[in-house]
Amino acid sequence: MERKAYGLTGKNIFLIGFMGSGKTTVASYLGKAYQMKTTEMDGAISEQEGMSIPDIFALHGEEYFRRLETAFLIELRQEKGVVVSCGGGVPMRSENVAEMKKNGRVILLEASPETIYERVKDSNDRPLLEGNKNIAYIAELMGKRKEKYEAAADIVIETDGKKVSVIGEEIMRKVLELEQEKKEHEGRGKEN
């Protein structure tokens, strides 16, 4: 069942969305199903810094962590054909969105506040939710991020109630369609 991600030569796939939207799970599926390298941004930053994300926030603050995310995306310029599970705050900075767009396609994974709550309620590595693990707070924070998430996205995928394989297939189909449209548009531009 393994397939190559034909048509994506030289492109990365950046999965964005709120914490618990399924980015890491979907990235893992795409990596296996399409023989693509995967990287989980928070995990890579945690490993690089030698401490957990909550410890980075506690010791250095959120702004320091956000600069690490931007540096990570800049380093990815050298990589091709990678599925990146981005941290939830990545699309909030315009420089991050610009970096992702230069180097690939940005896929927004969406889920309801109730689904997010169910996925993160037992997790202790979500610094922005500590002391606020409830549906109302999650919905409020999602609302604050919605506009930037949607502006960053090339494609939006709803994840509620879907199997990871269905989400993965939908992503690849839409990414390949987008690449085909771009090629056709460029071809028409050369004819004129």
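- Atoms CD1 and CD1, from Ile157 and Ile107 in turn, are 6.5 Å apart once rounded to the nearest 0.5 Å.
- One finds a salt bridge joining Asp154 and Lys101 here, because a Lys/Arg side-chain nitrogen approaches an Asp/Glu carboxylate oxygen to under 4.0 Å.
- Around CD of Glu47, the count of heavy atoms belonging to other residues, nucleotides or ligands within 6.0 Å does not exceed 12.
- Minimum interatomic distance between Leu73 and Met41 (heavy atoms only, all atoms of both residues): CD2-CE, 3.6 Å.
- Remark: Glu177 engages Arg173 in a salt bridge, criterion side-chain N to carboxylate O under 4.0 Å.
- Residues satisfying the salt bridge (charged side-chain N to carboxylate O under 4.0 Å, His left out) test with Glu69, not counting sequence neighbours, are Arg66.
- Atom CD of Glu169 sits about 11.5 Å away from atom CD1 of Ile167, to the nearest 0.5 Å.
- The pair Lys102-Glu99 meets the salt-bridge criterion, since a charged nitrogen lies less than 4.0 angstrom from a carboxylate oxygen.
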Side chain to side chain contact (heavy atoms under 4.5 Å, CB included) between Phe14 and Leu76, worked out:
CA-CA 11 Å; Phe14 295 95; Leu76 265 176; 3.8 Å; yes

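- Minimum heavy-atom separation, Ala111 to Ile116: CB-CD1, 3.8 Å.
- For Asp160, the side-chain hydrogen bond (donor to acceptor under 3.5 Å, both in side chains) partners two or more places apart in sequence, or in a different chain, are Ser112, Thr115.
- Smallest separation of non-hydrogen atoms from Ile16 and Tyr149: CD1-O, 3.7 Å.
- Nearest heavy-atom pair across Ala153 and Leu108 is CB-CB, 3.6 Å.
- Phe18 has its side chain within reach of Ile138: a pair of non-hydrogen atoms, C-beta onward, lies under 4.5 Å apart.
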Residues Met100, Cys86; criterion side chain to side chain contact (heavy atoms under 4.5 Å, CB included); working and verdict
CA-CA 10 Å; Met100 291 186 291; Cys86 297; 3.9 Å; yes

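- The backbone N or O of Val82 sits less than 3.5 Å from a side-chain atom of Asn12, completing a donor-acceptor pair.
- Within the model, atoms CD1 of Ile74 and CG of Asn103 stand 11.5 Å from one another, a figure rounded to the nearest 0.5 Å.
- Judged as a side-chain hydrogen bond (donor to acceptor under 3.5 Å, both in side chains), and not counting sequence neighbours, Asp42 has no contacts.
- Under the 4.5 Å side-chain contact rule for hydrophobic residues, Val26 and Val166 do not share a cluster.
- Take Arg67 and apply the side-chain hydrogen bond (donor to acceptor under 3.5 Å, both in side chains) test, not counting sequence neighbours, and it matches no residue.
- A salt bridge between Arg145 and Glu150 is absent, with no side-chain N of the basic residue lying under 4.0 Å from a carboxylate O of the acidic one.
- Between Tyr34 and Tyr29, the ring planes are perpendicular. Angles over 60° get that label, and only those under 30° would be called parallel.
- Atom CD1 in Ile45 sits 12.5 Å away from atom CE in Met51 (nearest 0.5 Å).
- Atom CZ of Phe72 and atom OG1 of Thr39 lie 4.0 Å apart (nearest 0.5 Å).
- Shown here for Met36 and Ile13, the closest heavy-atom pair between the two residues is CE-CD1, 4.1 Å.
- In this structure Lys37 satisfies the side-chain hydrogen bond (donor to acceptor under 3.5 Å, both in side chains) test together with Glu79, sequence neighbours excluded.
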Under the salt bridge (Lys or Arg N to Asp or Glu O under 4.0 Å) rule, what do Glu181 and Lys174 come out as? Steps first, then yes or no, please.
CA-CA 10 Å; Glu181 286 173 20; Lys174 288 186 175 187; over 6 Å; no

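- Donor-acceptor pairing under 3.5 Å is lacking for the side chains of Ser46 and Ser52.
- Closest non-hydrogen pair, Leu30 versus Gly168, comes out as CD2-O, 3.7 Å.
- In this structure the side chain of Glu110 never reaches within 4.5 angstrom of the side chain of Ser21, judged on heavy atoms.
- Between the side chain of Ser85 and the backbone N or O of Thr24, at least one donor-acceptor pair lies under 3.5 Å.
- Residues satisfying the ring-ring contact (aromatic ring centres under 6.0 Å, His included) test with Tyr117, not counting sequence neighbours, are none.
- Using a cutoff of 4.0 Å between basic side-chain nitrogens and carboxylate oxygens, Glu170 and Lys162 are scored as salt-bridged.
- Expressed to the nearest 0.5 Å, how far CD1 of Ile171 lies from CG of Leu176 amounts to 11.5 Å.
- Here the side chain of Lys23 pairs no donor or acceptor atom with the backbone of Leu109 at under 3.5 angstrom.
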Under the salt bridge (Lys or Arg N to Asp or Glu O under 4.0 Å) criterion, do Lys144 and Glu140 qualify, and how do the steps go?
CA-CA 6 Å; Lys144 289 177 182 175; Glu140 179 184 334; 3.3 Å; yes

